[in-house]
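Start at 1 with the first residue, then count along the sequence. Atoms within a ligand are numbered from 1 in the order they appear, just like the ligands themselves. Just so it is clear, the values below take in all heavy atoms, side chains as well, and ignore hydrogens, waters and symmetry mates.
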Amino acid sequence: MSEAAVTLDGWYSLHEFRAINWPAWKTLSSEERQQVLNEFIGMLEEWNQTEENNEGSHALYTIVGQKADFMLMLLRPTMQQLNEIETAFNKTRFAEYTIPMYSYVSVVELSNYMAGKDGGDPMENPEVRARLFPKLPKAQHVCFYPMDKRRQGNDNWYMLPMEDRRNMMRSHGMIGRQYAGKVKQIITGSVGFDDWEWGVTLFADDVLQFKKLVYEMRFDEVSARFGEFGSFYVGNLLNIDGIERYFHV
Ligand code: VOV
């Protein structure tokens with residue numbers, strides 16, 4: 001048996017993709033629409049407070065294309081809390097005008113491929129903590145996709161010795177580092193939680209950097225030989241200030 005990677009796990013994560021039921025939305029009077037939006041905005045303001053208290057984080061993006069109209073990414077310390085806010089959202093009047101399109105359950109994950117050898121408790125390291133319990137950036141754009149590492153014939157990631165995997169992950173990390181300041185990645189592990197092994201969530205102010213980074217990684221061995229990918233979702237930041245304009249009909 002090859003040596004399993006050891007993971008550090010942080011906040012639990014829910015990516016929630018919804019479409020808007022525009023025909024139903026249009027049947028409301030403008031006063032009713034305002035009330036419904038105010039309720040949603042109130043919920044977002046509560047979540048902002050949670051974020052200020054470092055007890056979780058969230059992001060709201062509109063999604064381009066037919067896969068969904070918006071994505072909520074929610075991070076919370078426990079799976080119970082994640083489920084509670086999901087249910088609270090579902091009970092709002094606003095949710096009645098949305099249609100669930102896709103969801104993804106995972107946990108923020110760091111693997112030990114690049115772990116330092118200082119021997120200290122990584123959970124006491126502020127840099128590690130900032131990555132495991134991140135404040136999601138308010139970047140202009142988001143890109144989300146789930147992925148697996150292949151398990152076929154000679155291309156079975158899980159049968160490779162640790163040293164080989166570590167070398168490939170080093171090369172992966174070197175490419176990623178060239179995008180420092182342009183793309184921020186949050187890798188969430190979903191083995192045992194959802195249909196793929198990881199969720200990849202990328203944030204950037206320049207949307208084209210997603211294409212450049214993902215394309216460059218396609219030529220790197222770990223993605224070229226072992227990467228299998230699900231559907232891609234790309235979108236634009238939706239601030240509280242932009243909500244009324246977005247939902248105006
Ligand atoms: C934005 C840049 C960027 C950077 C700097 C970066 C660096 C790193 C490092 C140093 C490490 C290993 C240690 C750790 O931190 O866990 C990882 C880990 C991982 N990555 Fe990564 N990655 C990036 C970006 C980045 C992208 C764009 C993708 C999608 C791949 C693609 O082809 O579409 C990805 C995937 C992953 C995954 C699935 C893992 C876990 C793999 C496992 O087997 O455990 N990643 N990643």
Side-chain angles (χ1 to χ4, degrees), residues 1-11 13 15 59 73 75 104-118 122-123 125-134 136-137 139-152 155-235:
M1 192 182 120
S2 4
E3 183 189 338
V6 179
T7 62
L8 294 174
D9 303 284
W11 276 337
S13 164
H15 292 72
M73 180 176 178
L75 298 179
Y104 205 77
V105 180
S106 51
V107 62
V108 179
E109 178 186 293
L110 292 183
S111 56
N112 64 338
Y113 290 119
M114 300 294 120
K117 302 216 182 331
D118 60 6
M123 295 308 265
N125 177 333
E127 278 172 36
V128 170
R129 294 191 68 82
R131 291 187 61 196
L132 290 174
F133 310 109
L136 296 176
Q140 289 304 310
H141 303 283
V142 76
C143 171
F144 169 80
Y145 52 103
M147 68 172 284
D148 283 343
K149 292 264 174 87
R150 187 166 298 139
R151 287 196 300 273
Q152 264 166 22
D155 293 339
N156 187 335
W157 176 257
Y158 297 92
M159 295 293 280
L160 294 180
M162 178 54 137
E163 202 43 38
D164 294 4
R165 284 179 278 134
R166 195 190 300 280
N167 287 338
M168 281 188 259
M169 288 313 295
R170 191 170 292 128
S171 166
H172 167 87
M174 296 294 276
I175 294 181
R177 272 167 48 183
Q178 294 167 39
Y179 289 81
K182 294 185 204 157
V183 180
K184 163 127 179 104
Q185 89 282 14
I186 306 234
I187 303 299
T188 52
S190 37
V191 171
F193 290 164
D194 217 318
D195 299 344
W196 297 79
E197 292 166 351
W198 291 277
V200 179
T201 312
L202 307 175
F203 296 89
D205 285 327
D206 172 8
V207 74
L208 203 52
Q209 295 303 320
F210 296 144
K211 180 170 177 291
K212 293 196 183 295
L213 167 64
V214 175
Y215 190 57
E216 192 172 347
M217 284 193 170
R218 288 291 152 106
F219 292 92
D220 187 53
E221 191 171 6
V222 70
S223 293
R225 271 180 74 196
F226 300 101
E228 290 188 349
F229 302 95
S231 289
F232 281 66
Y233 294 81
V234 67

Under 4.0 Å to a heavy atom of Arg131 - the qualifying atoms of ligand 1, by number: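 Checking each atom against Arg131, I get 15 (O).
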Considering heavy atoms of the protein only, find what lies nearest to [atom] and give residue, atom and distance to 0.1 Å.
| atom | answer |
| --- | --- |
| atom 24 (C) of ligand 1 | Met217 CE, 3.6 Å |
| atom 12 (C) of ligand 1 | Ser111 OG, 3.7 Å |
| atom 10 (C) of ligand 1 | Met114 CG, 3.7 Å |
| atom 41 (C) of ligand 1 | Lys149 NZ, 3.3 Å |
| atom 33 (O) of ligand 1 | Tyr145 OH, 2.6 Å |
| atom 32 (O) of ligand 1 | Ser223 OG, 2.5 Å |

Sub-4.0 Å heavy-atom approach of Trp198 to ligand 1: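 Yes, that is the case, since the closest heavy atom of the residue is under 4.0 Å from the ligand.
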Donor-acceptor under 3.5 Å (Asn156 side chain, Tyr158 main chain):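 Checked: pair present.
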Main-chain N/O of Met114 paired to Arg166 side chain as donor or acceptor, under 3.5 Å: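 Pair absent, no side-chain N/O of Arg166 close to backbone of Met114.
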Val222 and ligand 1 - part of the residue with a heavy-atom distance under 4.0 Å: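 The answer is neither; Val222 stays 4.0 Å or more away.
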Proximal protein heteroatoms (N, O or S) of atom 21 (Fe) of ligand 1, under 2.8 Å: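 Near atom 21 (Fe) of ligand 1, the protein supplies His172 NE2.
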Of all pairs that satisfy side chain to side chain donor-acceptor pair (under 3.5 Å), the ones with a partner from residues 223-234, not counting sequence neighbours: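 Checked against side chain to side chain donor-acceptor pair (under 3.5 Å) - neighbours excluded - the pairs reaching residues 223-234 are Arg150-Glu228, Asp155-Arg225, Glu221-Arg225.
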For Asn112, all residues meeting side-chain contact (heavy atoms from CB on, under 4.5 Å), sequence neighbours excluded: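 Result, side-chain contact (heavy atoms from CB on, under 4.5 Å) vs Asn112: Ala5, Val6, Ala115, Met162.
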Pairs meeting criterion salt bridge (charged side-chain N to carboxylate O under 4.0 Å, His left out) with involvement of residues 200-215, two or more places apart: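 Checked against salt bridge (charged side-chain N to carboxylate O under 4.0 Å, His left out) - neighbours excluded - no pair reaches residues 200-215.
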Mutual orientation of the aromatic rings belonging to Phe232 and Phe229 [parallel < 30°, tilted 30-60°, perpendicular > 60°]: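 Geometry flag for Phe229 against Phe232: tilted rings.
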